[in-house]
Amino acid sequence: MNIGIVCYPTFGGSGVLATELGKALADKGHGIHFITYQQPVRLTGFSANLYFHEVRVPTYPLFDFPPYETALASTMVDVVRNNHVDLLHVHYAIPHASAAYMAKQILAEEGIHIPFITTLHGTDITLVGKDKTYAPVVTFSINQSDAITAVSHNLREETLSNFSITKDISVIHNFVDTHRFAKRPIDAFKRVIAPNEEKIVLHASNFRKVKRIADVIHIFNKIQQEIPSKLLLVGDGPERPAAEELCRSLGIFENTRFVGKQQDMEDIYAIADLFLLPSEYESFGLSALEAMAAGTPVIATNTGGIPEVVTHGSNGFLSEIGDVESMSIQAISLLSNPALLEQFSTAAKEQALKFDIVNIVPQYEKLYAEVLAK
Ligand code: GMT
């Protein structure tokens, strides 16, 4: 099959998932055409089956807001016309689903039928999508999709309760390449972060409000009072300056390390003892799954799709949103008990296997075949 994948090219979960899906499909012999405004961050290395088509958005003095959606739809039309693309798979509804609908209508005028699948990832539904500024277009374009998928049962329910959806939504969970993430720790790297063999507590995100970074820091503050430990913070975003300031005001800046956006996440998860994800909401929590694949147990909130990934008391612990006290107690109980930490680490790896790339990617291929057979 030749598939056009539309996604955000950034470090966010939807872009990462879409890129990993495209790479896995290319490895299986499909022709994959990424269509987005810059090379996706995880699209590294060469594959004969992978193509990247940049969406260029010409500026003009009249445009206070350059019309990306129009440029995207036009690029989709061009890529489909010239590359025998069989279907479009758009990740994150806004504005990708409505651009795909527009491209589909334009191509229909030329006698080309191009179905499109929309994968809902989370904030496109739970935060941005249900804002009334966007909701009518989001609802319409989701309903016009030839198939819809959500990354968790929770996100499926959220979508059905917030929008008038007239079609079925299939659940296809996030996935991870467990082989790639089961790496041995690089000792030299570990010593840079924890020179005196301190425990390494990790958080990785886009530092948005929904991630509750202040909770990460307050949890770590309590941990480091009991256990020699370091906090490694990966990623960047609007909440980072406030997070750094909070570390300074709590007097723990020396024990924290903000390393910004990183490519080789498998090396980072490999050196971590514990992963913190105290989010307000996660449709799934791809970062938690990647941590688990590396054998790192997760302390998270009992929200959204996280309970579909993290099992309380087995491979991690789940608490109510904002319950910093419980999350710190659970973290300390794990970090202070090597046998328990090892048990949770083994269970985390086993749980990640359920979401292995080899189990999930065929679900997308099956859906593609069904859509094309219609
Ligand atoms: O906020 C993020 O984590 C980024 C966001 C995105 O759309 O790029 O991630 C969402 O999609 C991921 C992949 O499907 C999910 O694993 C994340 O849980 C989800 N984030 C939220 O729901 C907040």
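Quick caveat, the model's predicted, so the values are computed rather than measured. Indexing begins at 1, ligand by ligand and atom by atom, following the structure's order.
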Has ligand 1 got any nitrogen or oxygen that is less than 3.5 angstrom from a nitrogen or oxygen of Leu286?
-> yes

Would you mind checking which non-hydrogen protein atom is closest to atom 2 (C) of ligand 1, with the distance to 0.1 Å?
-> Asn206 ND2, 3.3 Å

Evaluate salt bridge (charged side-chain N to carboxylate O under 4.0 Å, His left out) for Arg42 paired with Glu290, printing each intermediate quantity in order.
-> CA-CA 14 Å; Arg42 286 231 186 150; Glu290 291 185 339; 3.2 Å; yes

Can you find a heavy atom in the side chain of Arg212 that is under 4.5 Å from one in the side chain of Ser279?
-> no

Ranked by distance from atom 3 (O) of ligand 1, the top protein heavy atom is Lys211 NZ, 2.8 Å

Has Phe63 got more than 12 heavy atoms of other residues, nucleotides or ligands less than 6.0 Å from its CZ?
-> yes

Verify the ring-centre separation between Tyr364 and His89: is it less than 6.0 angstrom?
-> yes

Which atoms of ligand 1 are found less than 4.0 Å from any heavy atom of Gly13?
-> 4 (C), 5 (C), 6 (C), 8 (O), 9 (O), 12 (C), 13 (C)

Which bit of Tyr281 is near ligand 1, meaning a heavy atom under 4.0 Å away: side chain, backbone, both or neither?
-> both

Check each heavy atom of Asn174 against ligand 1 and say whether those closer than 4.0 Å belong to the side chain, the backbone, both or neither.
-> side chain

OG1 of Thr256 to CG of Leu232: how many Å apart, nearest 0.5 Å?
-> 10.0 Å

Flag, side chain of Asn255 to backbone of Ile252, donor-acceptor distance under 3.5 Å = no

Flag Ser283 as yes when one of its N or O atoms lies below 3.5 Å from any N or O atom of ligand 1, and as no otherwise.
-> yes

Do me a favour and list the nearest non-hydrogen protein atom to atom 17 (C) of ligand 1 with residue, atom name and distance?
-> Glu282 OE1, 3.3 Å

Among all protein non-hydrogen atoms, which one is nearest to atom 14 (O) of ligand 1, and what is the separation to 0.1 Å?
-> His121 ND1, 2.6 Å

Ligand 1 contacted by His91 (non-hydrogen, < 4.0 Å) | no

Test item: side-chain donor near acceptor, Ser47 and Asn49, under 3.5 Å = no

Is it the case that more than 12 heavy atoms not belonging to Tyr134 sit under 6.0 Å from its OH atom?
-> no

Could you list the atoms of ligand 1 found under 4.0 angstrom from a heavy atom of Gly285?
-> 15 (C), 16 (O), 17 (C), 18 (O)

Would one find an N or O of Val210, backbone or side chain, under 3.5 Å from an N or O of ligand 1?
-> no

Which atoms of ligand 1 sit under 4.0 Å from any heavy atom of Tyr92?
-> 7 (O)

Considering only heavy atoms from C-beta outward, does the side chain of Ser141 approach that of Thr118 to under 4.5 Å?
-> no

For ligand 1, which part of Arg208 has a heavy atom less than 4.0 Å away: the side chain, the backbone, both, or neither?
-> neither

Distance-only N or O hit between ligand 1 and Val151, under 3.5 Å = no

Might you confirm whether atom NZ of Lys28 has over 12 heavy atoms from other residues, nucleotides or ligands at distances under 6.0 Å?
-> yes

Pick from Tyr8, Tyr101, Tyr37, Phe116: which one makes a ring-ring contact (aromatic ring centres under 6.0 Å, His included) with His96?
-> Tyr8

At under 4.0 Å between heavy atoms, what of Val16 touches ligand 1? The answer is neither

Are any of the N/O atoms in Phe284 less than 3.5 Å from those in ligand 1?
-> yes

Ligand 1 N/O within reach of Thr123 N/O, cut-off under 3.5 Å = no

